[in-house]
Every structure is written in structure tokens, then in C-alpha cells.
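Here's the structure, in C-alpha cells; my notes come after.
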Protein chains: 2
Amino acid sequence: MSDPRQPTRRQATGFDLSQFIPYRLAVLADEISQTIAQVYVDQFDLTRHEWRILAWLGKHRSMPAKDVGRNAGLDKMQMSRALARLEDKKLVAVERDEEDRRGNVLGLTRQGRATYDRIAPLALAREEYLLSALTVEEVAALDTIMAKLLRQASALNDKS
Amino acid sequence: MSDPRQPTRRQATGFDLSQFIPYRLAVLADEISQTIAQVYVDQFDLTRHEWRILAWLGKHRSMPAKDVGRNAGLDKMQMSRALARLEDKKLVAVERDEEDRRGNVLGLTRQGRATYDRIAPLALAREEYLLSALTVEEVAALDTIMAKLLRQASALNDKS
DNA sequence: GATAATTAGTAACATATGTTACCATTAAGT
DNA sequence: ACTTAATGGTAACATATGTTACTAATTATC
């Protein structure tokens, strides 16, 4: 255990971008994102946002657009645009919500479900492959670490 | 240890976006990115790309633009645009490289260094705060895990 | 129960980013 | 040495994304 009044090793060596966790995380997330994007972009001509909506609906069936957005990490404008394209491609059905007529209710079309059913296993296989670089313990640690960091970062961001 | 012929727990439960590591990593990286962006965007009016160039030059002094780009994860077009703005703001000096007259050599201006010197400690402090959510062992594990995943993903991406 | 405040969604504009093609310079092939 | 290929960089265009402001519907307040 180190004396908290002393600068840490990291601080002592100054600011090194290549060792900076936020930078490394961004680079890693990008690289991994690309790994999955090779499936839904190259093979199915979907954007990342479109794929996320499809992925959520694939598991959770019909629901209000705002809920999908919240769960897929998309704001209302991103939802609006992605949905317009998904409707064009006839993968998602968008209907006025009769419970709350401001909003929309989303559902997969038959074609949408078929597309989801084809992408999901490929995406999972890629994830499996990526995680196969880790030990079982490391996979478990990653889960914990991501949860803790997300909580910490969110707390910091929500304050302002 | 599980029988590899059996579907894993993850596969057995189908595709769940909220448990999908690439998705969770993207969300996490975004959230953490925002934490740091609050410093360089809100307080110093820099874009992420501009900040990365500044950060690299702050530690490594004068060097060819293409090397900065490679190390900061920016392609040549991203470099070109970010440098135009950094030059405008008089934070970076861009000069024709006399060794190889196709390229540019970059260096921080006095003002650029002053800006870097003000941002770096703030960025490091935020990183410290984020990592303070983890145990010492978890920080070490994170380092290993990120390295392994990056290698695995890069291998997959470079093939195609 | 009228009025104000909030919410889901979209339009329209500004800005940012990706893409293709090009210029200038250097390196390689013959 | 002359031609071809490769490299660093930028211009110009298309596309994508963020931002502000608006509409329509719902909820809260008095």
C-alpha cells in the first residue's frame, strides 16, 4: 500500500496517452465494435444504431420506441432517424401508440425477425471468439470491472 | 470447466444486447470518454482529436505528423482537419518536413504547451477518480484484459 | 377545468465525418 | 534514368450527426 501523499507511479511519469485508460478503452471499444460491425454492416447493410434497435426488439418483442431507445443507448433523434431507415427496409413496423398517442410502438416484421435470427448467432460467435482470449476468471473480472467503472463514470457525468 | 459441446449459458439465453460485451464496452467507453471530454471540450474548447494530438505532443515533443497520427489513432484526414484547427488556435506549429518534403513536422507552441500543462493534470485526476472504484488487483486485471482483447480483435480485423 | 410544464417525436439547419479523387514527393523496378 | 508504384497530405463531395426549435399529446398545478 502506498502513501497517498506521494504521487502515484502513473502521475510520476507524466501524462502518457498510450497508457491513459480512457484512451485505451476508446481504442479497444472501437476495435471490438469493428469486429461486430463486419457482420451487420458488410453482410446486412445496417448501421450500428439500426442493429441495436433490431437486437433489442429481437429479444424483447413489441414495445414503445422510447423504451427501446433508452435500452439501446439511443437518444430520440437517433431513434427517429434509424427507425425511418428500418421502416424503409421493412425490418421494423412503427405504429402510433394508442396508449399514449405522442409515441410509437415498435415491432419486428417477419423479415426483421429473419434478419435478427441470422445476425445474432454470428455476433455471439464473434463475442465468443474475442472472449476466448481471456481466462474464465478474467471474463468474470471484466464483468465486475465494467459495471463498477460505468457506475463511477455515470455518477460523475450526471452531476453536471 | 464446462463441456465445450454444450451451448454456454450466454448462448443458451439467446442474444441479450444488455449483456453483450461489445455493446457494454461501447457504452462504457462512451461514458468514460464524456468524463474526460468535460475537461477538454467544456473548459478548453478542443475536440477529441485535437486533444489527442496535443496529448501526444505534450509528452513526445516534435515529430512527423504521420507518427503522431499513428500513435493517437487518427487517420491522415482526421489529422489534416484537426491540425488545421490547432494551427488556427496557435496551439501547434505545422511545418514542412525537410527530411521528407511530402510530410509535416509538428510541435507545440508555447501556448500549446501551456494548454497541455493545464489539461493533463485534470485528465489524470479524472482517471484516478474513475479507477478509485476498483481494487488494486482489478486495475491490474483491467490492464491485462484490455491488452488481450485488443490483440484478439485486431487480429480478427486485420485479416479482412 | 383552464393553463402551464413535460414528453415523444420530427424538421431544418449547422457541423462533423467518411470517401474518392487528386497533387506533390519519394521509393522501387526495369 | 525513366517509368511505375507507394506515401503524406488536401480538396470536394456525399453522408451522418448534433442542435435548436417546433408540433402534438399528456400530465401537473392552480
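The chains referred to below are lettered A, B, ... by the order of the sequence lines, with proteins before strands, and numbering in each begins at 1. Here the structure is a predicted model, which means the values were calculated and not measured.
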[X] side chain, from C-beta outward: closest of [options]:
{"X": "B:Met77", "options": "D:dA11, D:dA16, C:dA8", "result": "D:dA11"}
{"X": "A:Arg101", "options": "D:dA16, C:dA8, D:dA25", "result": "D:dA25"}
{"X": "A:Asn104", "options": "C:dT6, C:dG9, C:dT25", "result": "C:dG9"}

**Residues B:Gln43, B:Arg118; criterion side chain to side chain donor-acceptor pair (under 3.5 Å); working and verdict** = CA-CA 10 Å; B:Gln43 299 180 39; B:Arg118 289 209 290 155; over 6 Å; no
Report which part of the nucleic acid [X] touches: base, sugar-phosphate, or nothing (heavy-atom distance under 4.0 Å, all strands).
{"X": "B:Lys76", "answer": "base"}
{"X": "A:Asp75", "answer": "nothing"}
{"X": "A:Ala65", "answer": "sugar-phosphate"}

**Message:** Can you work out whether B:Val94 or A:Asp100 has the more 5'-proximal nearest nucleotide on DNA chain D?
**Reply:** B:Val94
Spacing of [X] atom [atom1] relative to [N] atom [atom2], expressed in whole Å:
{"X": "B:Arg102", "N": "D:dG8", "atom1": "CZ", "atom2": "P", "answer": "6 Å"}
{"X": "A:His49", "N": "D:dA16", "atom1": "NE2", "atom2": "C1'", "answer": "10 Å"}
{"X": "A:Asp67", "N": "C:dA8", "atom1": "CG", "atom2": "C1'", "answer": "11 Å"}
{"X": "B:Leu74", "N": "C:dG18", "atom1": "CG", "atom2": "C1'", "answer": "14 Å"}
{"X": "B:Lys66", "N": "C:dT25", "atom1": "NZ", "atom2": "C1'", "answer": "13 Å"}
{"X": "A:Glu98", "N": "D:dA25", "atom1": "CD", "atom2": "C1'", "answer": "12 Å"}
{"X": "A:Asp97", "N": "D:dA24", "atom1": "CG", "atom2": "C1'", "answer": "14 Å"}
{"X": "A:Leu46", "N": "D:dA16", "atom1": "CG", "atom2": "P", "answer": "13 Å"}

**Prompt:** So, is A:Ser80 close to the C:dT10 phosphate, meaning a side-chain N or O under 4.0 Å from OP1 or OP2?
**Reply:** yes
**Request:** Would you please confirm or rule out a distance under 4.0 Å between OP1 or OP2 of C:dG18 and any side-chain N or O of B:Gln78?
**Result:** yes
**Message:** On the side chain of B:Arg81, is there an atom forming a donor-acceptor pair with the base of D:dG9 - under 3.5 Å, no angle test?
**Reply:**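 Counting by modelled atom types and ignoring angles, no donor-acceptor contact under 3.5 Å is found here.
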**Side-chain ion pair, A:Asp97 and A:Arg102, N-O less than 4.0 Å** =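 A:Arg102 and A:Asp97: not salt-bridged.
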**Item:** Which atom of B:Arg52 lies closest to which atom of A:Leu17, heavy atoms considered
**Value:**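 Heavy atoms of B:Arg52 and A:Leu17 come nearest at O-CD2, 3.7 Å.
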**Request:** Any chance you could lay out the side chain to side chain donor-acceptor pair (under 3.5 Å) test for A:Asn104 and A:Glu95, step after step, and finish with the verdict?
**Result:** CA-CA 5 Å; A:Asn104 297 331; A:Glu95 296 176 5; over 6 Å; no
**Request:** Could you label the plane-to-plane angle of the B:Phe20 and A:Trp51 rings as parallel, tilted or perpendicular, counting under 30° as parallel and over 60° as perpendicular?
**Result:** perpendicular
